[in-house]
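Owing to the predicted nature of the structure, the values given are computational and were not obtained by experimental measurement. Below, read A as the first sequence line, B as the second, and so on, with proteins coming before strands; counting in each chain starts at 1. These numbers come from the heavy atoms of this one structure, side chains and all, not from hydrogens, waters or symmetry mates.
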Protein chains: 2
Amino acid sequence: MALDLGPLDGHVGYLLRRAQLAVFADIGAGLAAHAMSPADYAVLTVIDSNPGAGPSQVAETLGIQKTNFVPLIRRMEARGLVLRTPSARDRRSVDLTLTEDGKTFLATLHAMAQAHVDRVRDHLGPAEYEALLAPLQRLARLTRPA
Amino acid sequence: MALDLGPLDGHVGYLLRRAQLAVFADIGAGLAAHAMSPADYAVLTVIDSNPGAGPSQVAETLGIQKTNFVPLIRRMEARGLVLRTPSARDRRSVDLTLTEDGKTFLATLHAMAQAHVDRVRDHLGPAEYEALLAPLQRLARLTRPA
DNA sequence: CATTATTGGTTATTTGATATAACTATTTTC
DNA sequence: GAAAATAGTTATATCAAATAACCAATAATG
């Protein structure tokens, strides 16, 4: 049924896109069961690793535009997962931290995500999986977020 | 300036997304100079490799929904790159082929895309680049387009 | 130190990609 | 020959991401 992809099936860009969609379909479904998007999950993770950081820093780190970050972080706050407290140093700024609930919740998300990652590694085999990570990291670092 | 990504920076899904965005930013800019999207380019490529195939087949092959395929293929037709001729076998169906202009144009796009791919390979080095392709292909084939 | 430029956060709005529902004409299946 | 499936289409909804403009506070500068 499927046609020949032609030159496309050796094309890094195309393969990256398809691989990303396949992996996200898998992980995304698990996150969706907890009413979370991949972006939501990434934000919680970064806040957990950098407690007290501000919205701009978190957004820039993840390549999210700060203007699009606002509704996302407000959702997390409304769900009681994130605390937005006025910064002591800079009166313009806001310190982001996870609540206790946020930390607990994130732990279960990490466990779930790890299960999905394990499935990917099992599918590829450990060697190919390891061989995949290094080049991906190199490419990922090319991104120059605004 | 950038914060710690925490567990994220070893996460396949996250790395795939960032790597894909980085590569697409590069290739996408080149395509955009010709008023083409990555999807446009993919469609022309598949039609070139499968002359006479119908919209549904091409769309399914690329994981594009057939309903979203319509405006795309109409743009290509309007630009004189693609020919939509009524199918002989099935009166519901349409045969897609590239025009001569379409073939010429696609050749220049291929050349440009190859230059971008070369830059990616140079950035990673040949060994890592090769090591990247195989697992990506395996993952990409997981996609089960409607 | 007074003015200017920059930064952190925000709102409102637009664009673009993708998904859903519904319909017609034809072909296939039973 | 009736019912089900398929090819193509239209119209519409949804959702992520980009753009423009703004305020308050801080940093830079002359």
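Here the P atom of nucleotide D:dG8 and the CD atom of B:E60 are 12 Å apart, to the nearest Å. Per the geometry, CZ belonging to A:R89 stands 17 Å off P belonging to D:dA25, to the nearest Å. Counting to the nearest Å, the C1' atom of D:dA18 and the CZ atom of A:F69 are 17 Å from each other. Counting to the nearest Å, the P atom of D:dC15 and the CZ atom of A:F24 are 17 Å from each other. If you measure from atom CD of B:Q65 to atom P of D:dA13, you get 17 Å, rounded to the nearest angstrom. Per the geometry, CG belonging to B:L21 stands 14 Å off P belonging to C:dA17, to the nearest Å. Atoms CG (A:L31) and C1' (D:dA16) sit 16 Å apart, rounded to a whole Å. Distance NZ (B:K66) to C1' (C:dA21): 12 Å, rounded to an integer number of Å.
Grouping the Ile, Leu, Val, Met, Phe, Trp and Tyr side chains by contacts below 4.5 angstrom, directly or via other members, places A:V23 with B:L142.
A side chain to side chain donor-acceptor pair (under 3.5 Å) with B:Y14 holds for exactly one of B:R18, B:H11, B:R17; it is B:R18.
Between B:H110 and B:Y41, the ring center distance clears the sub-6.0 Å criterion. Outside the 6.0 Å centre-distance limit, the rings of A:H123 and A:Y129 are not counted as a close aromatic pair.
Along DNA chain C, the nucleotide nearest A:R17 and the nucleotide nearest A:S56 are compared for position; the residue whose nucleotide lies closer to the 5' end is A:S56. Mapped onto DNA chain D by nearest heavy atom, B:S93 and A:R75 fall at different nucleotides, with B:S93 at the one closer to the 5' end. In terms of position on DNA chain D, the residue among B:D90 and A:R91 whose nearest nucleotide sits closer to the 5' end is B:D90.
Between the side chain of B:R92 and the base of C:dT27, no donor-acceptor pair of N or O atoms lies under 3.5 Å. At a cut-off of 3.5 angstrom, counting only N and O atoms as typed in the model, there is no donor on one side facing an acceptor on the other between the side-chain of A:T67 and the base of C:dT10.
A:N68 comes within 4.0 angstrom of a base, heavy atoms only.
Checking side-chain atoms of B:H34 against main-chain N and O of B:M36 turns up no donor-acceptor pair under 3.5 Å.
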